[in-house]
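Before any comments, here is the structure.
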Amino acid sequence: MFSESFLWGGAIAANQAEGAWNVDGRGPAKTDVTTGGSVKEPRYVTYVDKDGNPGKVAHGRPLPEGASYAILEDCYYPNHDGIDFYHRYKEDIALFAGMGFKMFRMSISWSRLYPHGDEETPNEKGVEFYRNVFKECQKYGIEPLVTIWHFDTPLYLEENYGGWNNRRLIGFYERFARTCFTEYKGLVKYWLTFNEINNTVMMLDLFGNEAGDAEYQAGYQQLHYQFVASARAVQIGHETDPDNMIGCMICGITFYPGTCDPEDILLNRHSWERGIFYCGDVQCKGKYPTFAKRLWAEHKVNLDITEQDLKELKNGCVDMYTFSYYMSSVVSTHKAQETVSGNFTAGAKNPYLQYSDWGWAFDPKGLRYYLEMIYDRYEKPIMVVENGLGAYDKIEEDGSIHDSYRIDYHREHIKEMANAIDNGVDLIGYTTWGCIDLVSAGTGEMRKRYGFIYVDKDDEGNGTYDRRKKDSYYWYKKVIESRGTEL
Ligand code: BG6
């Protein structure tokens, strides 16, 4: 059963929703040099090489030596306009309030507060924008849940400091986080330090043989700096306001062994360790797990970790565990008949599950499994801060949108959350992903829609950006009203 205080709501991220990428002093982020893609075509990051020739490289892969990020004339960058939340936040928050949201998860664009990332003082217009958003939430009694970093390091820091490869990023992030905590004290209580922090390494696993030891060395090192930055933020957040509840945010995948071959059972355990527990353990327990040494040895990784870093990790444990959950994934040492993609994962197709048009497994039981497994491990309050179905929506002649598939998806996941609570899990909130349609992070598409609210914009950026309620809007309203009993 869901308690009276359960935090029902929805989630978005700055780079996928705000748009206004160069408005009011905002600096560019990596997402602003990332093109649109599709289920078949990857998103590209665009650049000019050292001789001035334009080029593009698949998102996640390194730029050629000497190249610099660039916006190219013949490319389309869907994040530039997002869904124009920057100018329409009042209308959007009113729509969320109409569903009865108790919580709204959003992120702060780093380069809106610090256009380059290394300035001493923030951009006042940026600071003001988020203050207005939080005040708007307050008007309706909606608690903001704020992600400090959601995939959008300022481009200037990427180009001039090498991004998270550079230890100095810890200090820049710390300044950014301190500004957030102090400026929004009293308006925001729930915070997440890094979105899906475990993706750095999961993404390399996804590239298979293309990623060599040097890339793993870099990936694990970036993660270490992010862990320290997160731990510093937790300490600053607690000093600023002891009421702050600060969480980690993990890309949650439930791994299953493909067969009962002991090799598969072990591989499955190691997938949990590498993909899920490695980050969760550092952020929840304040120290590296015992299996970390094995993971590093696999790729000859040798990390820059100081004694002071270890102290910071110890003093910067998060208050709650949060995660995104979309699917489970099958791992096996045996050759799969058929493979499927997923959120930063790929694996064998599970014959017991249905798949979305983007190949993501529909597995509500996997959510229960994940919740129970994680609560048992950390015994901290948990929130599911992303969950949803990316699907094509059709507007009927009368303007309605009958998204029963989305309702089914959420219903089944909510049922399993209730089962996990009955099993003792301290689950305190649920913010569905893309409660309003937004730009897909993975493919850059608009047509991969998650929302209860439709946004009139297509994959080429055409449309009025008008908002429209889908059937799921009315359904979710009822779910919240009835505290999850009317599904
Ligand atoms: C998570 C991210 O990986 O999944 C979100 O935190 C993202 O930013 C979401 O949008 C869904 O993925 P996609 O690729 O369908 O947008």
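Counting begins at 1 with the first residue of the sequence. Computed from a predicted structure; not experimentally measured. First listed ligand is number 1; within each ligand, the first listed atom is number 1.
None of Val33, Ile71, Asp74 except one satisfies the side-chain contact (heavy atoms from CB on, under 4.5 Å) rule with Thr46; the exception is Val33.
The salt bridge (Lys or Arg N to Asp or Glu O under 4.0 Å) search around Asp152 returns none, not counting sequence neighbours. Applying the side chain to side chain contact (heavy atoms under 4.5 Å, CB included) test to Phe291 and every residue at least two apart in sequence or in another chain returns Glu273, Phe277, Tyr278, Asp281, Pro289, Arg294, Leu295, Arg377. Looking at residues two or more places apart in sequence or on another chain, you find a side chain to side chain contact (heavy atoms under 4.5 Å, CB included) between Cys317 and Lys380.
Contact residues for ligand 1 (protein heavy atom closer than 4.0 angstrom to any ligand atom): Gln16, His150, Phe151, Asn195, Glu196, Tyr326, Asn343, Phe344, Trp360, Glu386, Trp433, Ser440, Ala441, Gly442, Lys448, Tyr450.
By the 30° and 60° cut-offs, the orientation of the rings of Trp272 relative to Tyr369 is tilted. Ring pair Trp149/Phe194 is tilted by interplanar angle, where 30° to 60° counts as tilted.
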